Number of protein chains: 2
Amino acid sequence: MFKTKKVAKRELILAEAAKLFKDRGYSGTSMRDLAGQVGMEAASMYNHIKSKDELLDTICFRISDTYISQLAEIEATAIPFSEKIKALVRLHIRLMVEDGAAVSVANHDWKYLPEPRLTEFKQARKNYEKGFAALIEAGIAAGEFRPVNVSVALFTVLSAVRWVELWYRPGRGLSAEELENNILTVLLGGLAQR
Amino acid sequence: MFKTKKVAKRELILAEAAKLFKDRGYSGTSMRDLAGQVGMEAASMYNHIKSKDELLDTICFRISDTYISQLAEIEATAIPFSEKIKALVRLHIRLMVEDGAAVSVANHDWKYLPEPRLTEFKQARKNYEKGFAALIEAGIAAGEFRPVNVSVALFTVLSAVRWVELWYRPGRGLSAEELENNILTVLLGGLAQR
DNA sequence: CGGATGCTAACGAATGTTTGTTTACATTGT
DNA sequence: ACAATGTAAACAAACATTCGTTAGCATCCG
């Protein structure tokens with residue numbers, strides 16, 4: 001007997017939890033709400049999960065780990081810095097489109113992580129930002145980017161991608177590819193006509 | 001006898017509520033937490049406020065009203081479209097710097113507004129976005145902006161300003177003015193060297 | 001005096017989680 | 001082949017705690 005069923009149920013709970021956490025927030029979502037969405041009683045979920053905290057932990061760190069490993073991969077690739085930034089922006093957009101609920105939770109509800117995981121998460125994010133900033137800085141040094149304040153550029157780019165979670169619905173108007181191209185045009189080329 | 005004292009206490013409660021809602025979220029903040037921050041018992045606050053919902057309502061609509069009235073003012077001013085966009089971006093940054101907690105609450109916790117105020121808030125925001133988008137569209141038509149997707153440009157600009165609430169601390173490194181200039185450079189001129 | 005403002009105590013409802021039990025099915029021993 | 005055993009997964013009920021809010025009473029101040 002394999003536990004494929006059990007894993008599937010756990011994944012179902014995680015997926016529904018991400019959706020509810022995104023819509024109502026972590027504190028605003030009760031285990032009974034979640035159970036209703038999953039299709040069982042709240043108590044029954046504890047056959048598949050350890051706690052509400054654990055759900056949040058799993059959702060947040062899966063996203064965090066994805067970003068970190070992808071950053072390492074891009075750092076190791078021999079392409080111009082502008083292409084590295086593009087690849088990172090594309091990664092953000094793609095993850096947002098494909099797993100928007102989880103990304104949203106990792107962006108907003110990480111603060112409800114209990115210690116010591118909260119500190120670990122913040123550290124991981126800081127490391128990611130540091131790596132991202134280093135790419136921008138190197139791009140400026142290489143003459144590929146304009147000499148703007150690195151932190152401002154970093155956070156402007158990171159934030160400019162967040163609205164996708166709030167607004168974008170695939171199959172309604174823009175395709176994911178058009179979305180990427182438009183955002184990259186604004187971020188890299190700027191709004192003003194040259 | 002005037003109620004200046006009562007109003008002052010009410011404003012204190014509102015200010016502390018905005019701070020706590022920002023840090024812990026609306027659902028994650030209890031009235032006892034808030035009372036502790038204000039310096040009285042939870043029950044005592046009800047001499048100054050009607051309910052927890054009312055706090056959220058006041059915080060959200062004060063911000064919303066500010067944006068709407070300022071947009072109307074900018075729309076009525078005879079300046080180039082690029083200057084109108086600049087003025088709006090500056091407004092967002094300035095409000096974020098001056099009243100970051102309230103802006104953050106209006107950005108994130110509006111979804112906990114009870115009906116019918118929730119619908120009113122969403123409608124107000126939609127109207128604001130429509131007005132903002134019209135300015136971008138007119139700017140493109142006038143040849144001031146590059147012909148990008150208007151919605152993408154709108155949300156990219158609106159989001160690019162949100163990180164200020166998460167990251168920027170006045171008096172640490174950048175001044176508010178440098179901040180504005182750097183963000184405007186990235187958004188209007190783009191990251192890439194021309 | 002009398003209203004404004006604070007407190008303690010308490011309310012019912014909702015919270016995350018544990019307990020005890022049942023059902024259904026897979027595995028084992030013979 | 002089949003009863004015995006083990007286990008996964010669901011449930012209802014209850015746990016202690018916390019929630020927003022109200023009631024009743026004290027105290028201060030003009």
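We use all heavy atoms of the structure for the numbers below, so side chains are in, but hydrogens, waters and symmetry mates are not. Because the structure is predicted, anything quoted here is derived from the model rather than measured. By convention in this document, chain letters (A, B, ...) are assigned in the order of the sequence lines, proteins followed by strands, and residues within each chain are numbered from 1.
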(message) Suppose clustering is done on Ile, Leu, Val, Met, Phe, Trp and Tyr with side-chain heavy atoms closer than 4.5 Å. Which residues sit in the same group as B:Phe21?
(response) B:Leu12, B:Ile13, B:Leu14, B:Leu20, B:Tyr26, B:Met31, B:Leu34, B:Val38, B:Met40, B:Met45, B:Tyr46, B:Ile49, B:Leu55, B:Leu56, B:Ile59, B:Phe61, B:Val105, B:Trp110, B:Tyr112, B:Leu113, B:Leu118, B:Phe121

(request) May I ask you to list the residues of residues 18-32 of chain B, by number, that have any heavy atom positioned under 4.0 Å from an atom of DNA chain C? (result) B:Arg32

(message) Going by the rule salt bridge (charged side-chain N to carboxylate O under 4.0 Å, His left out), which residues pair with B:Asp109 if we only count those two or more places apart in sequence or in a different chain?
(response) none

(message) Regarding A:Glu54 and A:Arg10, does a basic nitrogen lie under 4.0 Å from an acidic carboxylate oxygen?
(response) yes

Enumerate, atom names and distances included, each donor-acceptor pair closer than 3.5 Å involving a side-chain atom of residues 73-83 of chain A, sequence neighbours excluded.
unit_1	atom_1	unit_2	atom_2	d
A:Thr77	OG1	A:Glu73	O	2.9
A:Ser82	OG	A:Glu144	OE1	3.2

(message) Strictly by salt bridge (Lys or Arg N to Asp or Glu O under 4.0 Å), give each pair with a member in residues 17-27 of chain B just once, sequence neighbours left out.
(response) B:Glu16-B:Lys19, B:Arg24-B:Asp33

(request) When you get a sec, tell me which of C:dG16, D:dT21, C:dG6 is the closest nucleotide to the side chain of B:Ser51? (result) D:dT21

Please list each protein N or O that sits under 3.5 Å from an N or O in nucleotides 19-24 of chain C, with the distance.
none

Only distances under 3.5 Å count here; give the side-chain donor-acceptor pairs of residues 124-138 of chain B to other protein atoms, sequence neighbours excluded, each with its distance to 0.1 Å.
unit_1	atom_1	unit_2	atom_2	d
B:Asn127	OD1	B:Gln123	NE2	3.3
B:Tyr128	OH	B:His92	NE2	2.7

(request) Could you pull out all residues at least two apart from B:Asp99 that satisfy side-chain contact (heavy atoms from CB on, under 4.5 Å)? (result) B:Ile63, B:Ala102

(message) Checking contacts here: which listed nucleotide (D:dC11, C:dT17, C:dT8) is nearest the side-chain heavy atoms of A:Ala42?
(response) C:dT17

(request) Assess whether one donor atom and one acceptor atom, taken from the side chain of B:Asn47 and the base of C:dA4, lie less than 3.5 Å apart. (result) no

(message) Can you pull out every salt bridge (Lys or Arg N to Asp or Glu O under 4.0 Å) where at least one residue sits in residues 58-70 of chain B? Sequence neighbours excluded, please.
(response) B:Glu11-B:Arg62

(request) Taking only the side-chain nitrogens and oxygens of B:His48, find out if one of them lies under 4.0 Å from OP1 or OP2 of C:dG6. (result) yes

(request) Using atom CE of B:Met45 as one end and atom C1' of C:dT8 as the other, report the distance to the nearest whole Å. (result) 15 Å

